[in-house]
Visitor: 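To start, I am sharing the structure in question, which I have written as structure tokens.
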Amino acid sequence: MNVRIAAVAVLSAAAVATGATAAVAAPAPAPSITIKASKTGIKLGDIVTFTGKTTGVKEGSKVTLQVKDGKKWVALPVTTKVKKSAYKLTDKFEKKGVEVLRVKDGATVSKTVTITVK
């Protein structure tokens with residue numbers, strides 16, 4: 001009889017452990033944003049389209065295009081809302097030189113993209 005009780009106890013413990021493991025959800029991935037420029041070498045006055053996909057960013061969230069100014073990031077007046085986990089922004093470049101840009105939503109930022117304006 002003790003063997004039978006021990007077997008039931010082991011099977012019950014295994015069932016509880018399996019059920020508990022199955023009930024635990026994997027943690028959500030950290031939010032992320034990608035960025036891609038339609039052109040990276042442009043002439044003065046050209047328009048560049050920036051597109052990207054988002055993961056873990058709420059639909060309707062506002063993404064902002066930023067440019068690096070020395071060691072700090074400056075928000076440009078170029079924003080759009082995330083739709084179907086994607087975004088599309090355009091900006092016109094009227095200053096010669098190299099511009100390093102990224103997009104940002106709250107604390108989530110993309111990698112950078114570099115535009116050379118000639």
Side-chain angles (χ1 to χ4, degrees):
M1 187 100 160
N2 287 339
V3 173
R4 189 171 181 187
I5 292 172
V8 169
V10 169
L11 290 174
S12 295
V16 168
T18 302
T21 302
V24 175
S32 66
I33 305 175
T34 64
I35 186 170
K36 183 177 180 182
S38 59
K39 303 177 233 176
T40 55
I42 62 171
K43 295 179 184 173
L44 196 61
D46 281 356
I47 294 175
V48 178
T49 300
F50 299 92
T51 57
K53 296 190 182 279
T54 65
T55 302
V57 175
K58 290 183 182 179
E59 290 291 309
S61 290
K62 183 173 77 169
V63 293
T64 303
L65 187 63
Q66 295 183 318
V67 64
K68 192 160 191 179
D69 182 14
K71 292 185 178 184
K72 64 182 180 174
W73 289 97
V74 177
L76 297 173
V78 182
T79 65
T80 192
K81 291 185 178 183
V82 173
K83 296 177 187 169
K84 297 183 181 176
S85 299
Y87 70 89
K88 180 178 179 181
L89 297 161
T90 58
D91 196 19
K92 185 175 186 178
F93 291 84
E94 298 187 11
K95 184 177 108 180
K96 289 185 179 182
V98 175
E99 301 284 358
V100 178
L101 301 118
R102 70 181 187 182
V103 290
K104 181 178 181 177
D105 169 62
T108 307
V109 295
S110 69
K111 291 186 178 181
T112 61
V113 65
T114 302
I115 305 295
T116 304
V117 185
K118 296 181 182 183

Visitor: Which side-chain N or O atoms in residues 93-116 pair as donor and acceptor under 3.5 Å with protein atoms at least two apart or in another chain?
Guide:
{"unit_1": "R102", "atom_1": "NE", "unit_2": "Q66", "atom_2": "OE1", "d": "2.6"}
{"unit_1": "R102", "atom_1": "NH2", "unit_2": "Q66", "atom_2": "OE1", "d": "3.0"}
{"unit_1": "S110", "atom_1": "OG", "unit_2": "V103", "atom_2": "N", "d": "3.0"}

Visitor: If you look at every heavy atom in T51 and K88, which pair is closest and at what distance?
Guide: CG2-CG, 4.0 Å
Visitor: Nearest 0.5 Å please: distance from the CG atom of L65 over to the OH atom of Y87.
Guide: 8.0 Å
Visitor: What are the two closest non-hydrogen atoms of T90 and T49, and how far apart are they?
Guide: CG2-OG1, 3.3 Å
Visitor: Okay, side chain of T64, backbone of A75: is any donor-acceptor separation there less than 3.5 Å?
Guide: no
Visitor: Identify the two heavy atoms, one from V57 and one from S32, that lie closest to each other, and give their separation to 0.1 Å.
Guide: CG2-O, 4.0 Å
Visitor: If you round to the nearest 0.5 Å, how far is NZ of K118 from CG of L44?
Guide: 13.0 Å
Visitor: In terms of hydrophobic clusters joined by side-chain contacts under 4.5 Å, are L76 and L89 together?
Guide: yes
Visitor: At their closest point, which heavy atom of V82 faces which heavy atom of K58, and how far apart are they?
Guide: CB-O, 3.9 Å
Visitor: For T54 versus A86, what's the shortest heavy-atom pair and its separation?
Guide: OG1-N, 4.1 Å
Visitor: Scan for side chain to side chain donor-acceptor pair (under 3.5 Å) pairs involving residues 68-84, sequence neighbours excluded, and state none if there are none.
Guide: none
